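Here the structure is a predicted model, which is why all the values come from computation and not from measurement.
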Amino acid sequence: MPIRFVPFEKISKHYKLMLAFDALVLWKASGQMPTKGTIIHGLQHTILGLRLDTLIHEVQLLVGKLRALLSESIPPDPVLIKHCSECEFETYCRKRVAEKDDLSLLDSLSVTERAKLNAKGIFTVTQLAYTFRPRRRPKRLASRKEKYHHALKALAIRDHKIHIVGKPELAIKGTPVYLDVEGMPDRDFYYLIGLRIPAGPLQYSFWADDVSDEEGIWRSLLSVLERIDNPVLIHYGAYETTFLKRLARRYSDSNSRILLHRHTHYPRDESLGDHLFADLFSNIFQSPQRSRAIPWVPVVAPGCVGAPVPRLATTMGGKRGIPPSSRY
């Protein structure tokens, strides 16, 4: 019976397929197909038993596709996906995609939308950029949310410019408080809450060494907000919104509910994202350490190997004990 060890608390389909692949290898080597397997995962070494019949069949189909790809004399053209940031070949693939000017450079485009554009004969960012036509917004639609323009994003990349649609406004009526939260999604655990209040200025960092400290940093956050006159929370996106709702339920009391009802939230990407179109591709991936003279600290662990760094810090038990290789 195959056994696989996984460091994460939540087991995705990916790890189940990996276990099924182990079973397929054992089947080919021994002549007997394992029908059951075990995944031992998480800090508590939780045991998860799985039936493998259906999964092995799915793995066989995937292996067949891989064999067909390997039998080709020419490698397939790379396409950028969300997983690329965790892959050690990201730089190579991104360079190939940039040379090809492929539509996958636009991370806002879904696979379905890309396929529709391909059906219309649009395969490159440059081609898509030529389809943008500025139009006057009707007065009856003035109050509605601005539609996201993929063609304008392509135009920004092509011309290396920043385009702004309409007049984006961020009317803050109160005391702005900038919020940033870090956590481990697979454990539903938040280990860092950062606050910055320009009026002062004041800055706070609340750390949790383990799950038992999470309520303490939540109470610290509420204590700071309680002392601010009409606080307005400004944060990057949905992650902080989910954090506020989840911890308000997890550590529910009247104080939490009253404070959160008083607060106004401004997710920055939702407020400006549909108005601002920038060539972030060039800004991020073309040697920013040289153009901005920033001292660059090399990370020893590339790709997905470096992802569990916060977990290492937690299991090591040191307060803010991040290993040296993860400094940035």
Side-chain angles (χ1 to χ4, degrees), residues 1-42 47-128 150 153-154 157 185-186 281 285 301-308:
M1 181 176 72
I3 300 175
R4 178 169 281 268
F5 293 86
V6 177
F8 305 110
E9 300 295 331
K10 295 181 180 179
I11 301 301
S12 64
K13 180 71 173 293
H14 168 78
Y15 295 106
K16 294 177 182 179
L17 290 175
M18 291 292 288
L19 182 69
F21 180 76
D22 297 340
L24 180 63
V25 173
L26 289 174
W27 180 17
K28 298 300 181 182
S30 65
Q32 294 184 340
M33 184 182 78
T35 57
K36 295 180 180 180
T38 301
I39 295 178
I40 301 175
H41 65 97
I47 298 175
L48 174 66
L50 294 170
R51 291 197 61 84
L52 300 176
D53 311 66
T54 306
L55 289 170
I56 288 177
H57 176 68
E58 190 172 346
V59 166
Q60 285 178 312
L61 295 177
L62 293 173
V63 169
K65 291 180 180 179
L66 289 175
R67 282 177 176 160
L69 285 174
L70 292 173
S71 63
E72 297 287 340
S73 57
I74 301 175
D77 293 325
V79 175
L80 299 181
I81 57 175
K82 291 182 178 180
H83 178 71
C84 288
S85 60
E86 302 177 18
C87 179
E88 60 184 304
F89 300 106
E90 180 193 12
T91 304
Y92 169 78
C93 292
R94 191 171 288 278
K95 182 180 178 182
R96 288 275 309 277
V97 169
E99 291 172 351
K100 187 185 172 186
D101 198 24
D102 189 75
L103 286 174
S104 62
L105 286 171
L106 301 172
D107 55 2
S108 56
L109 266 181
S110 67
V111 176
T112 304
E113 290 171 324
R114 203 160 58 233
K116 289 180 179 179
L117 289 172
N118 291 162
K120 296 177 181 178
I122 300 173
F123 296 92
T124 68
V125 172
T126 302
Q127 289 174 333
L128 180 60
H150 296 294
K153 176 71 173 181
I157 293 177
D186 71 299
F281 168 73
F285 293 102
C304 59
V305 180

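The pair Lys13-Glu58 meets the salt-bridge criterion, with a side-chain N (NZ, NE, NH1 or NH2) lying under 4.0 Å from an Asp/Glu carboxylate O.
Atom CD of Gln127 is separated from atom CG of Leu103 by 7.5 Å, given to the nearest 0.5 angstrom. Separation of atoms NZ (Lys153) and NE2 (His150) is listed at 11.0 Å; rounding is to 0.5 Å. Within the model, atoms CG of Leu117 and CZ of Arg114 stand 9.5 Å from one another, a figure rounded to the nearest 0.5 Å. Distance CG/Leu61 to CG/Leu66: 11.0 Å, rounded to 0.5 Å. Considering CH2 of Trp27 and CD of Gln60, their distance stands at 5.0 Å, rounded to 0.5 Å. Remark: Asp53 CG to Met33 CE distance equals 5.0 Å, nearest 0.5 Å.
By the neighbour-count criterion of 12 heavy atoms within 6.0 Å, atom CZ of Phe21 is sparsely surrounded, having that number or fewer from other residues, nucleotides or ligands. Around CD of Glu99, the count of heavy atoms belonging to other residues, nucleotides or ligands within 6.0 Å exceeds 12. Lys116 NZ: 12 or fewer foreign heavy atoms inside a 6.0 Å radius.
Residues passing the salt bridge (Lys or Arg N to Asp or Glu O under 4.0 Å) test with Arg4, sequence neighbours excluded: Asp22. Among residues two or more places apart in sequence or in another chain, the side chain to side chain contact (heavy atoms under 4.5 Å, CB included) test is passed with Lys36 by Met1, Arg51.
Heavy-atom minimum distance, Glu72 versus Ala68: CG-O, 3.3 Å. Across all their heavy atoms, Cys84 and Val79 have their closest contact at SG-O, 4.3 Å. Scanning all heavy atoms of the two residues, the minimum distance from Val97 to Pro78 falls at CG2-O, 3.4 Å. Of all the heavy atoms in Lys16 and Ile11, the pair that sits closest is CG-CG2, 4.1 Å. Across all their heavy atoms, Tyr15 and Val6 have their closest contact at CD2-CG2, 3.8 Å. For the pair Asp101 and Thr126, the tightest heavy-atom approach, listed with the atom from each and the gap, is OD2-OG1, 2.6 Å.
Test Lys95, Arg96, Glu90 against Tyr92 for side-chain hydrogen bond (donor to acceptor under 3.5 Å, both in side chains) and you get one pass: Arg96.
At distances below 3.5 Å, at least one donor-acceptor pair connects side-chain atoms of His41 with backbone N or O atoms of Glu9.
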Checklist entry - Step by step, would you call Thr35 with Leu52 a side chain to side chain contact (heavy atoms under 4.5 Å, CB included)? => result CA-CA 5 Å; Thr35 57; Leu52 300 176; 5.9 Å; no
Next on the checklist: Determine whether Val111 and Ile81 satisfy the following criterion, side chain to side chain contact (heavy atoms under 4.5 Å, CB included), listing intermediate values before the conclusion.
Outcome noted: CA-CA 9 Å; Val111 176; Ile81 57 175; over 6 Å; no
Item to check | Verdict with supporting geometry, Leu50 and Ile39, side chain to side chain contact (heavy atoms under 4.5 Å, CB included) | outcome: CA-CA 8 Å; Leu50 294 170; Ile39 295 178; 3.9 Å; yes
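For the pair Asp107 and Leu80, the minimum side-chain heavy-atom distance is 4.5 Å or more.
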